[in-house]
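The structure under discussion appears below in the form of C-alpha cells.
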Number of protein chains: 2
Amino acid sequence: MVSRRSPKRGRPLKDDAGGVQVRILDAAQQLFLAKGYRSSSIDEISELAPASKPTIYAHFPGKQALFAAVMSRTIDGLTDFHGFMLEGRTVEDKLTSLGTAIVDSVIDESLGVVRATIAEAQRFPELSRNFHDAARERSVRAVSRLLSEADRERARDPEAPIHTRRRQDTAQIFLDLILLPILLRSLHGERPAELRSELASFIKDRVGFFLSACEPDRPHRHKRARANRPSPS
Amino acid sequence: MVSRRSPKRGRPLKDDAGGVQVRILDAAQQLFLAKGYRSSSIDEISELAPASKPTIYAHFPGKQALFAAVMSRTIDGLTDFHGFMLEGRTVEDKLTSLGTAIVDSVIDESLGVVRATIAEAQRFPELSRNFHDAARERSVRAVSRLLSEADRERARDPEAPIHTRRRQDTAQIFLDLILLPILLRSLHGERPAELRSELASFIKDRVGFFLSACEPDRPHRHKRARANRPSPS
DNA sequence: CAATTATACTATACCGTATAGTTTCTTTAT
DNA sequence: ATAAAGAAACTATACGGTATAGTATAATTG
C-alpha cells in the first residue's frame with residue numbers, strides 16, 4: 001500500500017515559495033483562531049497544512065511554541081490603521097468614516113486573535129498581555145495622529161503639539177466609545193450581518209457624543225435639543 | 001480494605017443542605033471558569049467536588065449540559081447593580097462612585113464568566129449570546145435608573161420619563177466608557193493590583209468626559225485644565 | 001546529505017458506562 | 001412501636017473506546 005492521496009513526498013520543490021513552515025503556520029493559525037488552543041490538534045494541523053507530524057516537530061519544539069509563533073505572526077500582520085485616510089467634509093463625517101473603517105477592519109481581521117488571546121490568558125499570560133498592550137498602543141497612536149489631522153484641518157491651531165499626551169487619551173476614548181462595544185458583541189458571537197444593520201447609526205451616534213464632549217460650542221444633539229431646554233433650576 | 005479517606009458514603013443525610021449537586025456545580029464552576037471547557041476534565045471535577053463520576057452523570061447528562069448548567073447558575077448569581085446607591089455630593093462624585101462600584105464588582109465577580117462565554121462562543125453560541133445580551137440589558141437598566149436619579153436630584157425636572165429611550169443610550173455610553181476598557185484589560189490578564197493603581201484617576205477622567213458631553217454648561221476639564229484655560233480665542 | 005513523508009508506536013488523558021458495594025431514609029408487617 | 005425489607009443516593013473502581021502530544025523508523029527525493 002503506497003501513498004494514497006498525494007504523491008508529493010520527499011524534499012520540497014525549489015520554488016515552494018515560503019516552504020513548509022509557512023504552510024504549517026497558516027494551517028495552525030486557521031485552526032487555533034477558529035477552535036482555540038486545546039481543541040486544535042497537531043494531527044489536524046498536519047492534515048490541513050499539509051505537512052507530516054515529524055516535520056512540524058522539526059520546525060517547532062511543541063504545540064505551545066507553535067501557538068506562540070502563530071500568534072506573534074498574526075499580531076504582526078494586523079492592520080494598524082496607519083494607512084487610513086480621513087474622508088468627508090465635516091469633522092463629523094471624517095470621524096464617522098474613520099470609526100467605520102476601524103470597526104470593519106477589526107471585525108474581519110482581528111476577532112480570532114482577540115478571542116484566542118482572551119481565552120488563553122491563563123495558559124499564555126505574557127502573550128495575552130503583550131498583544132493587548134501592543135494593539136492598544138498602535139491603534140491609539142494611529143487614531144491620535146488622525147484626530148490631530150482632523151483638528152488641524154478644522155482650525156489652524158499650531159499650538160497643538162503641547163497636548164500630545166492628552167490627545168492620546170482622546171484617541172483612546174474615541175476607540176473605547178466606538179470600537180469596544182462592537183468588539184465585545186462580536187466576541188460573544190453576534191454575526192457580522194446583524195451588526196452591520198445597526199452599525200451606521202451606532203457610529204453616527206457615538207461620534208455625535210464624542211464631539212459633544214470635545215467641542216464646547218457644538219449643539220448638543222445627544223441629550224436634548226438646546227431649544228427645548230428650560231433653564232434647569 | 002475499607003474507605004480510606006472520608007467515611008461519608010451512601011445516601012445523603014436529610015439535612016445535607018444543598019447536596020451533591022451543588023458541590024458538583026461549585027467544583028465545575030471553579031474549574032470551567034479558571035481553565036475553560038476543554039481543559040477541565042470530569043475526573044478533575046469529580047475529585048474536587050468531591051463526587052464520584054457516576055453521580056455526576058446521574059445529575060447531568062454530559063459535560064456540555066454540566067457546562068451549560070454551571071454558566072446559567074453563575075449568570076443568575078451575578079450582581080446586577082440594582083442595589084447600588086449613589087454616594088457623594090456633586091453629580092461628578094455620584095457618578096465616580098457609581099463607576100468605581102461597577103468596575104470593582106465586575107472585576108471580582110464576572111471576569112471568569114465573560115472569559116468563558118467568549119472563549120466558547122463557537123461551541124455554545126446561544127449561551128454566549130444570551131449571556132451578553134442579558135448582562136447588557138440588566139446593567140443598562142440599573143445604570144439608567146441611577147442616572148435618572150442623579151439627574152432628578154440635581155434639578156427637579158419631572159418631565160424626564162419622555163426620554164427613557166435616550167437615557168438608556170446614555171447609560172450604555174457610561175458603561176462603555178468606564179467599564180469596557182477595564183474589562184478588556186482584565187480579560188487579557190492584567191492583574192487587579194496593577195489596575196487598581198490607575199483606576200481612580202481613570203474613572204475620574206472618564207466621568208469628566210462623560211459629563212462634558214451631557215452637561216453643556218460644564219467647564220471642559222477634558223480638553224485642557226480649567227485654570228490653564230485662556231479664553232480659547 | 002538534507003528535508004520531508006508515511007507510518008507505526010508510546011504513553012497518557014479523557015468521556016461515558018458498568019459493576020458492585022455502602023449507607024440512610026421510608027415503608028410495611030407484625 | 002419496632003424490626004425487616006426495600007428504595008434511593010452515593011462511593012470506589014475498572015473498563016471500552018477514542019483522541020492526543022510527541023517520538024521513532026524507514027523510505028523518498030532533490
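Chain letters run A, B, ... following the sequence lines, proteins first, then strands; residues in each count from 1.
Residue Lys53(B) contributes atom NZ, which lies 10 Å from atom C1' of dC15(D) at whole-angstrom precision. With rounding to whole Å, Ile45(B) atom CD1 is found 12 Å from dC14(C) atom C1'. Rounded to a whole Å, the CZ atom of Phe60(A) is 15 Å from the P atom of dA21(D). When rounded to the nearest whole Å, the span between CZ of Arg38(B) and C1' of dA19(D) equals 8 Å. Regarding Leu31(A), its CG atom lies at a distance of 11 Å from the P atom of dT20(D), rounded to whole Å. One can place CD of Glu44(A) at 15 Å from P of dG22(D), the figure rounded to the nearest angstrom. Here dA6(C) presents its C1' atom at 13 Å from CD of Glu47(A), a figure rounded to the nearest Å. The nearest whole Å value for the distance from the CD1 atom in Ile24(A) to the C1' atom in dT5(C) is 12 Å.
Using a 4.0 Å heavy-atom distance criterion, Thr55(A) is classed as a base contact. The residue Ser40(A) sits close only to the backbone: its heavy atoms come under 4.0 Å of sugar-phosphate atoms, none of a base. When heavy atoms are screened at a 4.0 angstrom cut-off, Ala58(A) is found touching no nucleic acid atom at all.
Atom-to-atom distance recorded for Leu98(B):CG and Glu87(B):CD is 10.0 Å, nearest 0.5 angstrom. Within the model, atoms NZ of Lys204(A) and CG of Asp93(A) stand 9.0 Å from one another, a figure rounded to the nearest 0.5 Å. Between atom CD1 of residue Ile24(A) and atom CD1 of residue Ile56(A) there is a gap of 5.0 Å, rounded to the nearest 0.5 Å.
Taking every side-chain heavy atom of Ala51(B) into account, dT11(D) is the closest of dT11(D), dA8(D), dC14(C). The side chain of His59(B) lies closest to dC10(D), out of dC10(D), dT19(C), dC15(C). Considering only the side chain of Tyr57(B), dG16(C) comes nearest among dT11(D), dG16(C), dT24(C). Checking dA12(D), dC15(C), dT5(C) against the side-chain heavy atoms of Ser52(B) singles out dA12(D) as nearest. Of the listed nucleotides (dG22(D), dT5(C), dC10(D)), dG22(D) has the atom at the smallest distance from the side chain of Lys63(A). When distances run from any side-chain atom of Ile42(A) to the nucleotides dC15(C), dT24(C), dA21(D), the shortest one goes to dA21(D). The nucleotide whose nearest atom lies closest to any side-chain atom of Pro54(A) is, among dT25(D), dT11(D), dC15(C), dT25(D).
Proximity of Glu120(B) to Met71(B): side-chain heavy atoms (C-beta onward) are nowhere separated by under 4.5 Å.
Looking at Arg145(B), its side chain does come within 3.5 Å of a backbone N or O of His82(B) through a donor-acceptor pair.
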